[in-house]
Amino acid sequence: MRRRVKEIVLNGVLLAYIPFLILCFQKNHFMYGAFAGVFENPNTLGVSMIGLTVVLLMKLYEIIIAMLEGHQQLKLTIQLGCYTIFYLFALYVIMLSNARTSLLTVTILTTVMIVLLVKRTKKRFLPLLKFSFLLIVACLLLIIAIHEVEMMQKAFQSILLKMEKKSTNITDGRLDIWKYVFEHFSFWGHGAESLWVIGVSHAHNTFVNILQEAGLLPLVCYSVFLISIARGHSQMDKQLVVFTVFVIVAALGVSTFEILYFNVLHILVFVVSGFGRNKNMT
C-alpha cells in the first residue's frame, strides 16, 4: 500500500510540474539577471525545482537498481535516458535561476544517491562494474551538456557570474540576519514578516525563521516532527527509506539557507512522515 502511495505521489509530482514549467517559460520573467518564471524572486523558482529533482533522483535510483539486478535492460535503458534528460533540464532551470542554495542541495542529493547505489551493490564485482560504467557515462553527458549545449552553457555561465559578483559564500549577508534574530530573541516570537524592520522578508533559514516569527515552542515542535520521520525508518521497506532520505536531505539542504514553507518539497516532507507509521495502523 505504501509503495502504491509513493508511486502515485512521484507520478503526480512529475505531471504537476509540466504545466508549471510551461507557464514559467511562457511568462519568461527575469529579475536581477536571473530567470524567475512565474515568481518575483529567482531563488523561489530554484527552491521550487528541488521537489522535482527529488522525484527524478528517486526514479533514477529505482531504474538503476533494476538494471543492476538484470531486469528488462532495453526498456530500463530507454527510461534511464528519458529521466536523465529530465534531470538535466531541472538542473538547467536551477542554474538559470542563479539559485546557489538549490544547486548545492541538488549536488548533495546526487552524491547521496550515488553513495546509496554503491552501498546497494554490496561490493559485488559485476553490479559495481555496471554502476561504475553508468556513472562515468552520466558524468560525461553532464560535461558535454555544459560545454556543447548552448542553453546549458549559458545557464552555467550565468550562475558562475553570480558567484563572482556575490561571492561563492552562501552565508554572505545571512549571518547578519541570524545574529539579529538571536540578539532579539523572544519566546513567543515577533510575528509574521517581522524581519522587514531590517529590510528582509525572511531569515534565509527555516528554523531561524520559525524562531523569529513564531517563537521557541513551534521551533521545538517542528524539529521533533522531523526527527520522528527519521525514527520511523524501521517501519519502511528499502525503497521508502531511500525516498525518505532524499526528501529529508533536500529539506535540510534548502532549510539551511532558505525557508521551506509553501512548496512541493514541503508537501513531500508531510507525505514521507506517514510512511513511518506502524504497519498495523495503515
Check whether S273 reaches the backbone of F270 with its side chain - one donor and one acceptor, N or O, closer than 3.5 Å.
yes
F207 side chain reached by L226 side chain, heavy atoms, under 4.5 Å:
yes
Return yes if some donor-acceptor pair links the side-chain N/O of Q153 with the main-chain N/O of H147 below 3.5 Å, else return no.
yes
Taking side chain as C-beta onward, heavy atoms only, is L91 less than 4.5 Å from V106?
yes
Tell me, do L52 and L21 make a side-chain contact under 4.5 Å, heavy atoms counted?
yes
Do you know the tightest heavy-atom contact between A90 and T53?
CB-OG1, 4.1 Å
Audit row: F39, H29, side chain to side chain contact (heavy atoms under 4.5 Å, CB included) steps and yes/no:
CA-CA 8 Å; F39 301 105; H29 174 59; over 6 Å; no
Is there a donor-acceptor contact under 3.5 Å from the side chain of S97 to the main chain of L45?
no
Taking the side chain as C-beta and beyond, is there a heavy-atom pair between V47 and F257 under 4.5 Å?
no
Shortest non-hydrogen pair, G51 vs V264, comes out as CA-CG1, 4.3 Å
Taking the inter-plane angle between the rings of Y92 and F89 on a 0 to 90° scale, is it parallel (under 30°), tilted (30 to 60°) or perpendicular (over 60°)?
tilted
Is the backbone of A203 close enough, under 3.5 Å, to the side chain of N209 for a donor and an acceptor to pair up by distance?
yes
Distance (rounded to the nearest 0.5 Å) between L195 CG and I198 CD1
5.0 Å
Might you work through the side chain to side chain contact (heavy atoms under 4.5 Å, CB included) test for T256 and T101, ending with a clear yes or no?
CA-CA 8 Å; T256 304; T101 299; over 6 Å; no
Verify the neighbour count for atom CZ of F133: are there more than 12 heavy atoms of other residues, nucleotides or ligands below 6.0 Å?
no
Return the CD to OG distance between E213 and S186, rounded to the nearest 0.5 Å.
12.5 Å
Do V55 and Y17 have side-chain heavy atoms sitting under 4.5 Å apart?
no
Minimum heavy-atom separation for V208 to N205, with atom names?
N-OD1, 2.9 Å
Side-chain contact test, heavy atoms from C-beta onward, threshold under 4.5 Å: evaluate it for I229 versus T244 and give yes or no.
yes
M31 and F20: same hydrophobic cluster, using ILVMFWY side-chain contacts below 4.5 Å?
no
Please tabulate, one pair per line, all N/O donor-acceptor pairs under 3.5 Å involving side-chain atoms of residues 60-70, not counting sequence neighbours.
from	atom 1	to	atom 2	distance (Å)
Y61	OH	R120	NH1	3.4
E62	OE2	K6	NZ	2.4
E69	OE1	H71	NE2	3.3

Inter-residue atom distance K75.NZ - L80.CG, 0.5 Å rounding:
14.0 Å
To the nearest 0.5 Å, how far apart are CD1 in I144 and CE in M152?
12.0 Å
Walk me through it: do Q212 and S194 pass the test side-chain hydrogen bond (donor to acceptor under 3.5 Å, both in side chains)?
CA-CA 8 Å; Q212 167 68 19; S194 54; 2.8 Å; yes
Might you confirm whether atom CG of L74 has over 12 heavy atoms from other residues, nucleotides or ligands at distances under 6.0 Å?
no
Path from V269 to I8 over hydrophobic side-chain contacts below 4.5 Å
no
I22: hydrophobic cluster co-members (side-chain, 4.5 Å)
L15, I18
Please assess F35 against F25 for the test ring pair (Phe, Tyr, Trp, His ring centres under 6.0 Å), listing each intermediate value before the final yes or no.
CA-CA 9 Å; F35 182 58; F25 281 95; 4.9 Å; yes
Side chain to side chain contact (heavy atoms under 4.5 Å, CB included) between V220 and V224, intermediate numbers included:
CA-CA 6 Å; V220 171; V224 170; 4.2 Å; yes
Check: H184 main-chain N/O paired with H190 side-chain donor or acceptor under 3.5 Å
yes
Looking only at the side chains, is there a donor atom on one of T206 and Y222 sitting less than 3.5 Å from an acceptor on the other?
no
Is the shortest heavy-atom distance from the side chain of I267 to the side chain of V9 under 4.5 Å?
no
For N98 and A34, which heavy atoms make the closest approach, and how far apart are they?
OD1-CB, 3.5 Å
Membership question, hydrophobic clusters at under 4.5 Å side-chain separation (ILVMFWY): are L141 and Y87 in the same one?
no
With hydrophobic residues grouped by side-chain heavy-atom distances under 4.5 Å, do V115 and M58 end up in a single group?
no
Distance from M95 atom CE to R100 atom CZ, nearest 0.5 Å?
15.5 Å
Of all heavy-atom pairs linking A99 and G46, the shortest is CB-CA, 3.7 Å
Here the pair of heavy atoms bringing L260 nearest to A251 is CD2-CB, 3.6 Å
Please confirm whether the ring centroid of F182 lies under 6.0 Å from the ring centroid of F185.
no
V242 and F246: side chain to side chain contact (heavy atoms under 4.5 Å, CB included), yes or no, with the steps?
CA-CA 6 Å; V242 170; F246 286 164; 3.7 Å; yes
Check the angle between the aromatic planes of H202 and H204 and answer parallel, tilted or perpendicular using the 30° and 60° thresholds.
tilted
Common cluster, M113/V137, ILVMFWY with side-chain heavy-atom separation under 4.5 Å
no
Interatomic distance, L135 atom CG to I114 atom CD1 [nearest 0.5 angstrom]:
5.0 Å
Is there a side-chain contact between V241 and K238, using heavy atoms and a 4.5 Å cut-off?
no
Are there more than 12 heavy atoms of other residues, nucleotides or ligands under 6.0 Å from atom CZ of F225?
yes
